[in-house]
Engineer: 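Submitted below is the structure of interest, expressed as structure tokens.
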Amino acid sequence: MSIADGKRALSDLEPLICDADNMADVMYTLLETHFATRPDGTYVLVEAEGRRLLFLAGILAEMAGKVTKAYYEAVRRNAS
């Protein structure tokens with residue numbers, strides 16, 4: 001089955017998986033930038049960076065959900 005007919009084969013999942021992996025890398029980089037070194041007390045994050053981190057977390061969670069759903073649909077189709 002192809003993406004064109006609304007169904008995904010396992011091999012069609014590569015771009016979705018790679019996008020999610022790249023987004024996770026961007027989020028990790030932002031987290032590392034702000035939290036890699038221990039502060040003298042409290043971590044401080046400006047509002048704009050906090051919003052970026054929350055946005056990335058939401059996008060990454062959405063991507064992970066899409067990957068998971070597409071994977072299990074493809075597995076069920078291949079098992080039939």
Side-chain angles (χ1 to χ4, degrees):
M1 300 284 170
S2 69
I3 293 174
D5 64 11
K7 298 178 182 175
R8 295 177 192 252
L10 286 174
S11 60
D12 295 329
L13 296 178
E14 182 181 8
L16 191 57
I17 291 167
C18 290
D19 287 348
D21 184 58
N22 288 334
M23 187 62 71
D25 185 56
V26 170
M27 185 162 178
Y28 179 79
T29 300
L30 272 176
L31 289 170
E32 188 176 44
T33 299
H34 294 291
F35 302 109
T37 56
R38 189 175 206 141
D40 295 332
T42 305
Y43 288 102
V44 177
L45 190 64
V46 296
E47 182 181 356
E49 289 299 310
R51 288 180 182 269
R52 287 180 74 199
L53 285 169
L54 289 173
F55 172 77
L56 283 170
I59 295 296
L60 187 56
E62 186 178 306
M63 288 178 147
K66 286 179 183 178
V67 168
T68 302
K69 180 181 176 191
Y71 171 78
Y72 284 114
E73 286 174 357
V75 167
R76 276 194 297 272
R77 252 189 318 283
N78 289 338
S80 304

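Note that the numbering runs from 1 along the sequence shown for the chain.
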Engineer: Main chain of I17, side chain of D21: is a donor-acceptor contact present, judged purely on distance under 3.5 Å?
Structural biologist: no
Engineer: Decide if atom OH of Y43 counts as having more than 12 heavy atoms of other residues, nucleotides or ligands within a radius under 6.0 Å.
Structural biologist: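 More than 12 within 6.0 Å, yes.
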Engineer: Can you tell me how far apart NZ (K66) and CG (L16) are? Round to the nearest 0.5 Å.
Structural biologist: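 The distance works out to 7.5 Å.
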Engineer: Run Y28 and L56 through side chain to side chain contact (heavy atoms under 4.5 Å, CB included) and show every step you take.
Structural biologist: CA-CA 10 Å; Y28 179 79; L56 283 170; over 6 Å; no
Engineer: Enter the distance from M63:CE to D19:CG here, rounded to the nearest 0.5 Å.
Structural biologist: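 Here the rounded value is 4.5 Å.
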Engineer: So L45 and L53, side chain to side chain contact (heavy atoms under 4.5 Å, CB included) or not? Walk me through it.
Structural biologist: CA-CA 10 Å; L45 190 64; L53 285 169; 3.7 Å; yes
Engineer: Which value, rounded to the nearest 0.5 Å, describes the distance between M27 atom CE and N22 atom CG?
Structural biologist: 15.0 Å
Engineer: Between atom CG of L54 and atom CD1 of I59, what is the distance when rounded to the nearest 0.5 Å?
Structural biologist: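 Answer rounded to 0.5 Å: 12.0 Å.
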Engineer: What's the spacing between E73 CD and L13 CG if we round to 0.5 Å?
Structural biologist: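 Here the interatomic distance stands at 9.5 Å.
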Engineer: Which heavy atom in V67 sits nearest to a heavy atom in A20, and how many Å separate them?
Structural biologist: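 Heavy atoms only, the tightest pair is CG2-CB, 4.4 Å.
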Engineer: Identify the residue among R51, R52, E47 that makes a side chain to side chain contact (heavy atoms under 4.5 Å, CB included) with E49.
Structural biologist: R52
